[in-house]
Amino acid sequence: MDLHKLSLNQQLNGLKEGDFTSTELTSHYLDRISKLDKELNSFITVTEDQALLQAGAADKRYKEKSNLALDGLPIAHKDIFCTKGVLTTCGSKMLSNFEAPYSSTVYEKLDNEGMVMLGKTNMDEFAMGSSNETSYFGPVKNPWDTEYVPGGSSGGSASCVSAELAPVATATDTGGSIRQPASLCGLTGIKPTYGRVSRYGMIAFASSLDQGGVVARSAEDAALILEAMSGHDSKDSTSLKLDKPDLTKGLDDSIKGMKIGLPKEFFAQDMPAYIEKSIEEAIEVYKSLGAEVVEVSLSNINLSLPIYYIIAPAECSANLSRYDGVRYGYRCENPKDIEDLYMRTREEGFGKEVKRRILIGTYALSAGYYDAYYLKAQKCRQLVANDFSEAFKSVDVILSPTTPGTSFKSGEKADDPIEMYLQDIFTIPANLAGLPGLSVPCGEYEGLPLGMQLVGNSLEEAKLLQFAHSYQSNTDWHKKMPNI
Ligand code: GLN
């Protein structure tokens, strides 16, 4: 049986009905990983033995009728989430030997529901990138065409779910790293409201922007897992004091009479004709379902990219100062003195893009430039957030493309940071405003998938998923998977 073709709910029912065991399901995915991942490089670590132990424990619970909510379902975790006793590298040489002494809340929550970890997925180093070419563990390939990038920084998660080496995977999004790879790999990816998912044990890049989420094959699958990941965590002071939301109950509710906003500033940009066409077709689907489409204005949105590339590097330079060769992680050989230890450890342990960000961030935070850059960026960030608040007075969701194009070839943008940064032009605003955003597949161009983005008001993940699900109940884009 092609177990990997079943949706998460179908897999869960199969386990409950005893059609197959979690050991069979888990082995099925482990076999696929060992056959297919040599080419894709989507995993940094495969936790085969641990996965089979977890699966066996789930099978026992099914037998004893004491099964948990997501018992025995396999999942892959982005290698940014600490997992006790298992390597957690964040895609960096700096953490290439790091075994976390504790697990992230995201891992714990899913483990408590009985989910089986298949392994840890490859990613851009410290989640900085949009192509998964900056990983110390080598580039990840896009299963739709292995000459192309899967997007980043959660490229390993997107690549493995798209190739059906895992039914679902965790991911993180600071400026687009869930939605952009989801778009480039034909998946559904959701970044929730900032504070919805605990950041405890999720290695920090830019703390005021980072947020955990999920990449899946449908909105229905994504809702099931995001719900289990969410909820207040006293170990993260930015975690919202809210219980976990019900994200599955309203999925089938009608969107009739609801309003979709199209930001005129996005649509004024030069867009490839194939993107315009796919977005127009998606809008027609929504209209046929009774949604109303209106124009909205986000007048400061063009400031988003410059704001992000001050704030994210500034926070990154502070967060990454902890990697000094003393406490944990990589340490250079035979340091002469303490200064040599710091300098060579960081010189040898970090890659080029990470160093670029640390330099920009340190500069932006330095005494003479703090007001001119960092403070100014924070003020402008508020303007972008205000634009969204104003728009959400009259619409339920905001629709746009997720990315400026389909995937690009490996190496094509690797030496041009500005071109790479432009990948996130549509996704960054939601991070600046702390809003939930998702990407769903809505078309294809020359054999490569393409996504549309829906951004919702604060805490309205359920509504976003309802919009995504109603689209997916009336279209087939999300059902297309690469031939691998
Ligand atoms: N591509 C963006 C960057 O490089 C976003 C990364 C992310 O969301 N983690 O910073």
Side-chain angles (χ1 to χ4, degrees), residues 78-81 90-92 106 121-135 139-140 149-158 169-185 189-192 194 197 199 202-215 304-317 319-320 350-361 364 377 381 402-405 407-408 413-439 451 453 455:
K78 184 173 180 179
D79 209 18
I80 197 168
F81 290 103
C90 221
S92 182
V106 162
T121 62
N122 206 340
M123 54 181 284
D124 276 304
E125 185 178 9
F126 283 103
M128 297 169 201
S130 299
S131 64
N132 229 297
E133 292 169 293
T134 73
S135 170
V140 179
V149 304
S153 64
S154 312
S157 290
T170 54
T172 62
D173 192 311
T174 304
S177 282
I178 291 178
R179 292 159 287 160
Q180 187 254 10
S183 173
L184 270 40
C185 289
I190 179 163
K191 172 201 101 68
Y194 181 81
V197 167
R199 290 185 300 109
M202 188 179 109
I203 295 174
F205 160 13
S207 311
S208 77
L209 299 159
D210 298 342
Q211 185 56 201
V214 54
V215 284
S304 302
L305 213 64
I307 298 171
Y308 176 86
Y309 277 100
I310 293 295
I311 294 178
E315 294 184 8
C316 130
S317 74
N319 275 323
L320 271 57
F350 288 135
K352 194 165 145 201
E353 183 60 25
V354 171
K355 284 181 195 154
R356 188 189 339 256
R357 307 279 178 115
I358 294 175
L359 279 176
I360 298 172
R381 179 179 186 173
T402 307
T403 49
S407 181
F408 46 94
K413 298 187 200 292
D415 296 321
D416 187 343
I418 304 289
E419 262 294 303
M420 196 68 93
Y421 297 170
L422 282 168
Q423 274 298 302
D424 295 318
I425 189 147
F426 298 122
T427 49
I428 281 175
N431 299 78
L432 295 178
L435 299 173
L438 64 72
S439 179
Q453 174 178 240
V455 172

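Excluded from the calculations below are hydrogen atoms, water molecules and symmetry mates; all remaining heavy atoms, backbone and side chain alike, are included. As the structure lists them, so they are numbered: ligands from 1, and atoms in each ligand from 1.
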Nearest heavy-atom pair of Q453 and V455: which atoms, and what distance? CD-CG2, 3.7 Å
Would you check ligand 1 and list the protein residues that come within less than 4.0 Å of it by any heavy atom, ordered by chain and number? A127, M128, G129, S130, S153, D173, T174, G175, G176, S177, F205, Y308, Y309, R357, D424
Could you work out, with side-chain hydrogen bond (donor to acceptor under 3.5 Å, both in side chains) as the rule, every residue matching S304, not counting sequence neighbours? none
Classify the ring geometry between F205 and Y308 as parallel (under 30°), tilted (30 to 60°) or perpendicular (over 60°). perpendicular
Pairing donors with acceptors under 3.5 angstrom, does anything connect the side chains of S92 and E125? yes
Residues at least two apart in sequence or cross-chain that pass side-chain hydrogen bond (donor to acceptor under 3.5 Å, both in side chains) with E133, listed by chain then number, are S131
Does any pair with a residue in residues 169-178 pass side chain to side chain donor-acceptor pair (under 3.5 Å), and if so which ones, sequence neighbours excluded? H77-T170, K78-T172, S153-S177, D173-R179, D173-N431, T174-D210
